[in-house]
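Below, each value reflects all heavy atoms present in this structure, side chains not excepted, and no hydrogens, waters or symmetry copies.
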Amino acid sequence: MRRETGSVFAMVGRGALADPWIFGGRSVSRGEAARFLVEYADTMHARLDLRPRGIVARVKQLLRYWSAGGLVPDDSARKRWLREQDGGALMGRCGRSRKRLAGC
């Protein structure tokens with residue numbers, strides 16, 4: 001867009017939140033999408049002074065729009081993910097339990 005229009009900035013919005021690979025032109029597997037969310041949580045834990053509850057809240061911000069890899073197959077599943085109160089259980093949906101997020 002920048003090359004074609006000469007614009008300095010571009011807003012990517014919800015499309016990039018729903019599928020971070022959208023600009024690479026490829027689809028990712030359910031496993032890759034889950035790994036991304038787990039690594040996102042791990043990175044926040046390692047780099048930011050966030051409580052586990054804050055990490056879970058940030059993951060849920062992504063999950064509101066997430067479509068990558070078919071990880072969240074429909075709105076019903078999305079509602080279940082977003083209602084999850086236990087951080088370990090939420091990350092367990094991504095394939096690995098996160099004990100340090102349990103009980104958030």
Side-chain angles (χ1 to χ4, degrees):
M1 180 201 293
R2 290 172 58 189
R3 185 174 45 252
E4 289 180 25
T5 67
S7 67
V8 178
F9 300 103
M11 190 166 99
V12 295
R14 291 182 184 163
L17 290 176
D19 184 354
W21 296 271
I22 194 170
F23 302 109
R26 73 178 184 95
S27 296
V28 295
S29 69
R30 181 181 172 100
E32 288 174 294
R35 234 180 340 272
F36 179 91
L37 291 175
V38 169
E39 289 174 10
Y40 179 60
D42 287 345
T43 299
M44 283 189 288
H45 178 74
R47 294 185 183 175
L48 303 175
D49 187 26
L50 287 178
R51 293 183 175 149
R53 181 172 234 139
I55 294 171
V56 170
R58 297 253 178 116
V59 169
K60 284 182 176 182
Q61 285 176 329
L62 283 180
L63 287 172
R64 288 178 56 98
Y65 306 105
W66 197 262
S67 64
L71 186 64
V72 183
D74 56 37
D75 286 337
S76 176
R78 184 177 320 283
K79 287 176 185 175
R80 286 191 304 275
W81 283 59
L82 294 174
R83 280 193 307 258
E84 182 63 64
Q85 296 296 310
D86 182 303
L90 177 68
M91 296 314 294
R93 290 177 187 259
C94 291
R96 287 194 336 203
S97 177
R98 287 286 173 251
K99 290 183 182 179
R100 68 175 163 266
L101 298 178
C104 301

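Looking at every heavy atom in both residues, Val72 comes nearest to Ala77 through CG1-C, 4.2 Å. Nearest heavy atom pair, residue Met44 against residue Val59, reads CE-CG2, 4.1 Å. Of all heavy-atom pairs spanning Ala68 and Asp19, the tightest one is CB-OD1, 3.7 Å.
Annotation: side chain of Leu63 is in contact with side chain of Leu37 (closest heavy-atom distance under 4.5 Å). Side-chain atoms of Phe36 and Val28, non-hydrogen and from C-beta on, never get closer than 4.5 Å to each other.
Under the ring pair (Phe, Tyr, Trp, His ring centres under 6.0 Å) criterion, Trp81 pairs with no residue, sequence neighbours left out. For Asp74, the salt bridge (charged side-chain N to carboxylate O under 4.0 Å, His left out) criterion is met by no residue, not counting sequence neighbours. Among residues two or more places apart in sequence or in another chain, the salt bridge (charged side-chain N to carboxylate O under 4.0 Å, His left out) test is passed with Arg26 by Glu32. Scored by the side-chain contact (heavy atoms from CB on, under 4.5 Å) test, Tyr65 finds Arg14, Leu17, Ala18 as partners (sequence neighbours excluded). Residues passing the side-chain hydrogen bond (donor to acceptor under 3.5 Å, both in side chains) test with Arg80 are Ser76, sequence neighbours excluded.
Screening residues 57-73 for salt bridge (Lys or Arg N to Asp or Glu O under 4.0 Å), with sequence neighbours left out, gives no hits.
For the atom pair CG (Leu82) and NZ (Lys79), the distance works out to 10.0 Å, reported to the nearest 0.5 Å. Taking OH of Tyr40 as the start and CG of Leu62 as the end, the distance is 5.0 Å to the nearest 0.5 Å.
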